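Here the structure comes first, spelled out in structure tokens, and everything after it is commentary.
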Number of protein chains: 2
Amino acid sequence: MGEGRLQDEVAHLRARGYRVTAQRRAIIAALREAGRYCTAAQLFARLPVRQGDPISVSSVYRTLEVLADLGLAERRAEPTGEASFLYCSPRHHHHVICTACGAVREIDACPDEELARRVERATDFRVERHTLDFYGRCGDCRPRE
Amino acid sequence: MGEGRLQDEVAHLRARGYRVTAQRRAIIAALREAGRYCTAAQLFARLPVRQGDPISVSSVYRTLEVLADLGLAERRAEPTGEASFLYCSPRHHHHVICTACGAVREIDACPDEELARRVERATDFRVERHTLDFYGRCGDCRPRE
DNA sequence: CTGGTTGCAAAATTTTTGCACACTC
DNA sequence: GAGTGTGCAAAAATTTTGCAACCAG
């Protein structure tokens, strides 16, 4: 679904003054196609090793940085401490993550505004944003019933 | 509030067969007193340098590992990629994090069960658990109005 | 006593940088 | 062209480990 179409991502890069290079396209495509959190090393391994287009690990790190800045990638820590990234859309959204295979799906479901207000009342914080992740088993990983 | 009382934590350690050492006590106390996410280095710096009780960085890492296992510490990735830990209670809860000073407060507010069910219907995942964090300004960091 | 823990220092990993060259705009 | 982005390899950090000595239970 939509593989190879990087127009949106490319537009985001340009809009923020970043240049669109072959490496960035490849890295974005690989991260997007992965559909799950990837460490820099895993992502590097997923890159096409084609012809005369070597991509260095440095570029992976540098691009991941850019993507996180654009809101196109989300950073997280692996249990081992390594940083890993997930491709995602820049609009507000949440995730369901499969605890078995690691697949991630974006969802729109969002907690009620009232919840944030309750938190404000209880803590004297002024809530500005939030993150929410669901964990469970995807259809493929769940034994058929 | 409650400084120095590590009974609960100590009990958790014992219950799981871990031994209670002076280093672990010190590290738990420091992490708890910090009240915010700390990288291994930051936590190491916070440890009391008293008398003949040297604590090595290795122990900080090792203990952090144990605490995460017990559910007494939560791991996260710093924007720089370093792993950082937050002291927290092992029961289900969420956090409000001050975007200015980094202070963290635990909260009970939790999204409605209905939300999880909506996610299940929309994605074919079977939701088992979730995480939720609120970000905003705490009373101290917010300009008085 | 017994075996989990620790310190130390070395090793393994992960991430960042300096620089000359390449490529985008 | 002007200046950003890249590869490479070296450097900086971070995190993990081996092992003898220590200490909690």
Side-chain angles (χ1 to χ4, degrees), chain A residues 6-7 9-31 37-45 47-70 72-73 75-85, chain B residues 6-7 9-28 30-31 37-45 47-70 73 75-85:
Chain A
L6 299 172
Q7 347 237 335
E9 293 79 356
V10 161
H12 275 96
L13 284 173
R14 288 221 173 81
R16 289 283 298 275
Y18 288 112
R19 292 188 176 173
V20 179
T21 66
Q23 291 89 335
R24 284 180 177 166
R25 279 177 191 281
I27 293 171
I28 293 174
L31 186 60
Y37 280 93
C38 291
T39 63
Q42 294 171 329
L43 190 55
F44 183 65
L47 292 173
V49 199
R50 316 240 174 88
Q51 48 236 23
D53 254 41
I55 297 183
S56 65
V57 190
S58 316
S59 289
V60 174
Y61 279 105
R62 289 190 275 226
T63 297
L64 251 19
E65 202 65 41
V66 171
L67 295 182
D69 176 45
L70 295 178
L72 287 171
R75 177 181 231 142
R76 168 180 100 161
E78 284 306 299
T80 67
E82 287 170 271
S84 67
F85 299 77
Chain B
L6 299 172
Q7 346 234 333
E9 294 79 355
V10 161
H12 276 96
L13 284 173
R14 288 219 174 81
R16 289 282 297 276
Y18 288 112
R19 290 189 177 172
V20 179
T21 65
Q23 291 89 334
R24 285 180 175 164
R25 279 176 192 281
I27 293 171
I28 292 173
L31 186 60
Y37 280 93
C38 290
T39 63
Q42 294 172 330
L43 189 56
F44 182 65
L47 293 173
V49 199
R50 315 240 174 88
Q51 48 237 24
D53 254 41
I55 297 182
S56 65
V57 190
S58 315
S59 289
V60 173
Y61 280 105
R62 290 190 274 225
T63 297
L64 251 18
E65 202 65 41
V66 170
L67 295 182
D69 176 46
L70 294 179
R75 177 179 230 145
R76 169 180 97 163
E78 283 307 299
T80 68
E82 285 170 273
S84 67
F85 300 77

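Note that the coordinates shown come from a computational prediction; the quantities given were computed from them, not determined experimentally. Note on naming: letters A, B, ... go to the chains in the order of the sequence lines (proteins, then strands), and numbering restarts at 1 for each one.
Looking at A:V20 and A:R25, their side chains come closer than 4.5 Å, going by heavy atoms from C-beta outward. For the pair A:L72/A:L13, no side-chain contact is recorded, criterion being any heavy-atom separation below 4.5 Å from C-beta on. The side-chain heavy atoms of B:V66 and B:R24, taken from C-beta on, include a pair separated by under 4.5 Å. For the pair A:T39/A:F85, no side-chain contact is recorded, criterion being any heavy-atom separation below 4.5 Å from C-beta on. The side-chain heavy atoms of B:L43 and B:L64, taken from C-beta on, include a pair separated by under 4.5 Å. When side chains are defined from C-beta on, B:T21 does not count as touching B:T63, because their heavy atoms never get closer than 4.5 Å.
For B:R75, the salt bridge (charged side-chain N to carboxylate O under 4.0 Å, His left out) criterion is met by B:E65, not counting sequence neighbours. The side-chain hydrogen bond (donor to acceptor under 3.5 Å, both in side chains) search around B:R76 returns B:E78, not counting sequence neighbours. For B:E82, the salt bridge (charged side-chain N to carboxylate O under 4.0 Å, His left out) criterion is met by no residue, not counting sequence neighbours.
Residues of residues 17-25 of chain A that place a heavy atom closer than 4.0 Å to DNA chain D, in numerical order, are A:Y18, A:R19, A:T21, A:Q23, A:R24.
Summarising the geometry of B:H12 relative to B:L70, their closest heavy-atom pair is O-CD2, 4.0 Å, with the distance given to 0.1 Å.
When heavy atoms are screened at a 4.0 angstrom cut-off, B:S58 is found touching base atoms of the nucleic acid. Using a 4.0 Å heavy-atom criterion, one finds that B:T80 contacts the sugar-phosphate atoms exclusively.
Separating the CG atom of A:L43 from the C1' atom of C:dT15 is a distance of 15 Å, rounded to the nearest angstrom. B:L64 has its CG atom 16 Å from the C1' atom of C:dT5, to the nearest Å. If you take CZ of A:R62 and P of C:dC19, they are 14 Å apart, rounded to a whole angstrom. When the C1' atom of C:dT5 is taken as reference, atom CD of B:E65 falls 15 Å away, rounded to whole Å.
The nearest heavy atom of DNA chain D to B:R14 and to B:A41 marks one nucleotide each, and the one closer to the 5' end goes with B:A41.
Close to C:dT15, at under 4.0 Å from its OP1 or OP2, lies a side-chain N or O of A:Y61.
Fit an axis to the five pairs at each end of the helix from C:dC1-D:dG25 to C:dC25-D:dG1 and the two axes sit 60° apart, to the nearest 10 degrees.
Between the side chain of A:S59 and the main chain of A:I55, no donor-acceptor pair closer than 3.5 Å is present.
Between chain B and DNA chain D, the heavy-atom contact criterion of under 4.0 Å yields a 5' to 3' nucleotide range of D:dT14 to D:dG25.
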